[in-house]
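Down below is the structure, laid out as structure tokens.
In what follows, chains carry the letters A, B, and so on, assigned in the order in which the sequence lines appear, proteins first and then strands, with residues in each chain numbered from 1.
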Amino acid sequence: MRRKIAFVAALMLIAFTGLQFIRPKIKNPPVTADIQAPSNVEAILRRACYDCHSNETNLRWYDKIQPVYWQVAAHVNEGREGLNFSDWKNMAPAEQKAKLWESINQVIAGAMPVQNYVMVHPSAKLSKDDLVILKAYVSGMTPVNKPGDTAKINAQMQQLEQWQNAKFTIGKLPIALNGISYMPDYKNWQAISTTNRFDNGTLRVIFGNNIAVNAMKANNIHPWPNGTIFAKVAWDQVEDNEGNIKTGAFKQIEYMIKDDQKYASTMGWGFARFKTTKLIPYGKTALFATECVNCHRPQKDEDFVFTQPIKN
Amino acid sequence: MKNVVWILLAASFTIAACNHDDKVSLINDQAALPATFKFDTLGLKVMASFANKKYGTMSVLYANGEGISNAIKGDKKHSAGEVRALVTWGQQDDPSWFGARIPGSLKSVELVKISTNTTGLITAYAKYSGKNLLAAPDTLGQEARIKYILDQQPSIMP
């Protein structure tokens with residue numbers, strides 16, 4: 001009996017040792033475009049984010065032991081793909097700002113830093129004070145509307161003229177790379193909310209189709225039923241001297257279509273975005289929806305929906 | 001007596017448990033229009049959306065088909081049968097997104113209806129205020145409100 005146990009233990013030791021030689025690669029490419037932030041912000045980013053979101057991954061000895069190392073490598077590679085502070089300056093300024101607002105929202109929602117990572121690396125935990133510093137830093141990037149901004153007004157007037165001359169009439173409906181088509185009928189749906197996105201200087205209206213509106217009436221939105229469609233339209237903000245913020249040029253329309261079978265791989269929702277009045281489908285490959293999924297993931301308790309709908 | 005104590009104790013635990021739940025509500029209750037107002041039966045569509053920094057409000061302007069096509073034409077002409085409704089809320093911080101504000105408590109619904117009589121077009125205005133949208137009898141400043149609502153440009157929707 002004792003010999004049997006010793007034999008099994010020996011086998012396991014061999015397997016464990018063997019595992020150590022099967023290693024996915026975590027490269028640390030040179031840092032060429034690192035984020036420049038105030039020192040207190042940078043200290044927090046380095047401590048809580050850089051292991052997975054930069055090329056300066058600092059692995060502890062216990063991270064390097066298999067099979068843990070597999071998970072660590074997956075975290076780092078996925079993390080860098082979503083956000084890499086070492087590549088920061090390669091992004092356009094608007095994209096950088098959007099990333100920062102998205103990141104702080106992931107932190108507030110408790111989605112970041114990843115919980116099981118924090119359990120092993122307690123130093124990555126963000127305190128309330130850290131959050132205050134990060135919020136202040138990001139808030140400092142809030143765009144300020146120039147009252148009577150002529151460039152914005154001209155862009156709006158140009159679109160209005162096209163609209164009046166029926167130049168928006170669309171022949172073939174644009175289709176996103178995941179097969180979702182632009183749906184012009186959203187204009188006949190009900191508004192279920194509106195948002196003033198001061199983080200990126202837009203106003204938005206969220207429309208819901210009949211299935212969505214009926215689900216709201218029946219308090220049946222957790223989860224939303226299949227067939228639910230939301231359309232979210234975003235416009236530039238145009239401000240006047242009286243503090244009125246109105247919609248300027250049309251920027252984009254986004255859809256979420258509920259079908260828990262068809263869109264099982266993207267949390268049960270089909271995502272699409274069409275930009276400008278030309279309604280250009282967003283995304284370079286069909287995988288563009290990963291971006292949508294990553295941002296919506298913290299809303300998993302709300303069926304991945306940000307909007308709190310308003311009944312009328 | 002003992003039973004009562006137990007029930008009270010159990011009840012207080014339940015309430016305490018509810019209070020600990022700081023999760024975001026699924027529905028924006030405070031912004032809801034009272035069901036008795038039957039806003040959806042007016043058959044209106046979204047015409048525009050705006051906010052006001054000074055008053056901390058957010059609004060959605062609705063119109064019927066006629067109202068929307070008149071607004072798109074942009075020649076400031078109106079026709080009998082045109083209906084517009086302006087729904088206004090106070091703003092609140094979006095609990096799900098740091099960087100956004102959403103409608104908070106419902107402030108008012110203003111209705112403008114254009115009809116015709118022997119002298120030409122006439123405009124009727126009505127205002128309903130507060131959470132329960134009670135008819136507001138105050139007629140002060142009506143003309144200005146009508147002008148404000150009728151002068152709005154449509155939000156561009158391709």
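For K217(A), the part lying under 4.5 angstrom from a heavy atom of chain B is the side chain only. For chain A, the nearby parts of A31(B) are the backbone and the side chain; heavy atoms of each come within less than 4.5 Å. Of the atoms belonging to Q190(A), it is side-chain heavy atoms, and not backbone ones, that fall under 4.5 Å from chain B. Only the side chain of E239(A) comes within contact range of chain B, with heavy atoms under 4.5 Å apart. For M157(B), the parts sitting under 4.5 Å from any heavy atom of chain A are the backbone and the side chain alike. In this structure, the portion of M157(A) lying under 4.5 Å from any heavy atom of chain B is its side chain and not its backbone. Using a 4.5 Å cut-off between heavy atoms, I253(A) makes no contact with chain B at all. When heavy atoms are compared at a cutoff of 4.5 Å, Q30(B) does not approach chain A at all. For P184(A), no part sits under 4.5 Å from any heavy atom of chain B, backbone or side chain. Contact of A109(A) with chain B is not made at all, since no heavy-atom distance falls under 4.5 Å. In this structure, the portion of N105(A) lying under 4.5 Å from any heavy atom of chain B is its side chain and not its backbone. Looking at T195(A), both its backbone and its side chain come within 4.5 Å of chain B, counting heavy atoms on both sides. When heavy atoms are compared at a cutoff of 4.5 Å, K73(B) approaches chain A solely by way of its backbone atoms N, CA, C and O. Using a 4.5 Å cut-off between heavy atoms, A51(B) touches chain A through backbone and side chain atoms alike. Interface remark: L160(A) contributes backbone and side-chain atoms alike to the contact with chain B (heavy atom separation under 4.5 Å).
The local environment of CD in Q162(A) is crowded, with over 12 non-hydrogen atoms from other residues, nucleotides or ligands closer than 6.0 Å. In Q164(A), the CD atom is crowded: over 12 heavy atoms of neighbouring residues, nucleotides or ligands sit closer than 6.0 Å. More than 12 heavy atoms of other shown residues, nucleotides or ligands fall within 6.0 angstrom of atom NZ in K246(A). Within 6.0 Å of the NZ atom in K152(A), the count of heavy atoms belonging to other residues, nucleotides or ligands exceeds 12. Dense packing is recorded around NZ of K54(B), with more than 12 heavy atoms of other residues, nucleotides or ligands lying under 6.0 Å away. Crowding of K113(B) atom NZ: a count of heavy atoms from other residues, nucleotides or ligands under 6.0 Å not exceeding 12.
Taking 4.5 Å as the limit, some side-chain heavy atom of S96(B) sits within range of a side-chain heavy atom of Q299(A). Contact of the P158(B) side chain with the F274(A) side chain is not registered, since no non-hydrogen atoms from C-beta on lie closer than 4.5 Å. Two residues are said to be in side-chain contact when any heavy atoms from C-beta on lie closer than 4.5 Å; F50(B) and N244(A) fail this criterion.
Considering every non-hydrogen atom in both K311(A) and I27(B), the closest pair reads CE-CD1, 3.9 Å. Scanning all heavy atoms of the two residues, the minimum distance from E102(A) to W97(B) falls at CA-CH2, 3.8 Å. Of all heavy-atom pairs between S25(B) and Q308(A), the closest is O-NE2, 2.9 Å. For the residue pair T247(A) and S155(B), the shortest heavy atom distance occurs at OG1-OG, 2.7 Å. For the residue pair P103(B) and T194(A), the shortest heavy atom distance occurs at CD-O, 3.1 Å. Scanning all heavy atoms of the two residues, the minimum distance from W235(A) to I156(B) falls at NE1-O, 2.7 Å.
Here the CD1 atom belonging to I310(A) is positioned 5.0 Å from the CG atom belonging to N28(B), to the nearest 0.5 angstrom. Here F207(A) contributes atom CZ and K45(B) contributes atom NZ; the two are 11.0 Å apart, rounded to the nearest 0.5 Å. With rounding to the nearest 0.5 angstrom, the CG atom of D199(A) is 10.5 Å from the CZ atom of R101(B). Here the CG atom belonging to D94(B) is positioned 8.0 Å from the OG1 atom belonging to T307(A), to the nearest 0.5 angstrom. Atom CD1 of I245(A) is separated from atom OG1 of T57(B) by 9.5 Å, given to the nearest 0.5 angstrom. In this structure, CZ in R197(A) is found 12.0 Å from CD1 in I102(B), a value given to the nearest 0.5 Å.
A donor-acceptor pair is defined here as one N or O able to donate and one able to accept, closer than 3.5 Å; no such pair exists between the side chain of E302(A) and the backbone of L26(B).
Comparing Y55(B), F98(B), F37(B) by heavy-atom pairs within less than 4.5 Å of chain A, the highest count is held by F98(B). In terms of heavy-atom pairs under 4.5 angstrom with chain B, the leader among V238(A), V205(A), D240(A), I221(A) is I221(A).
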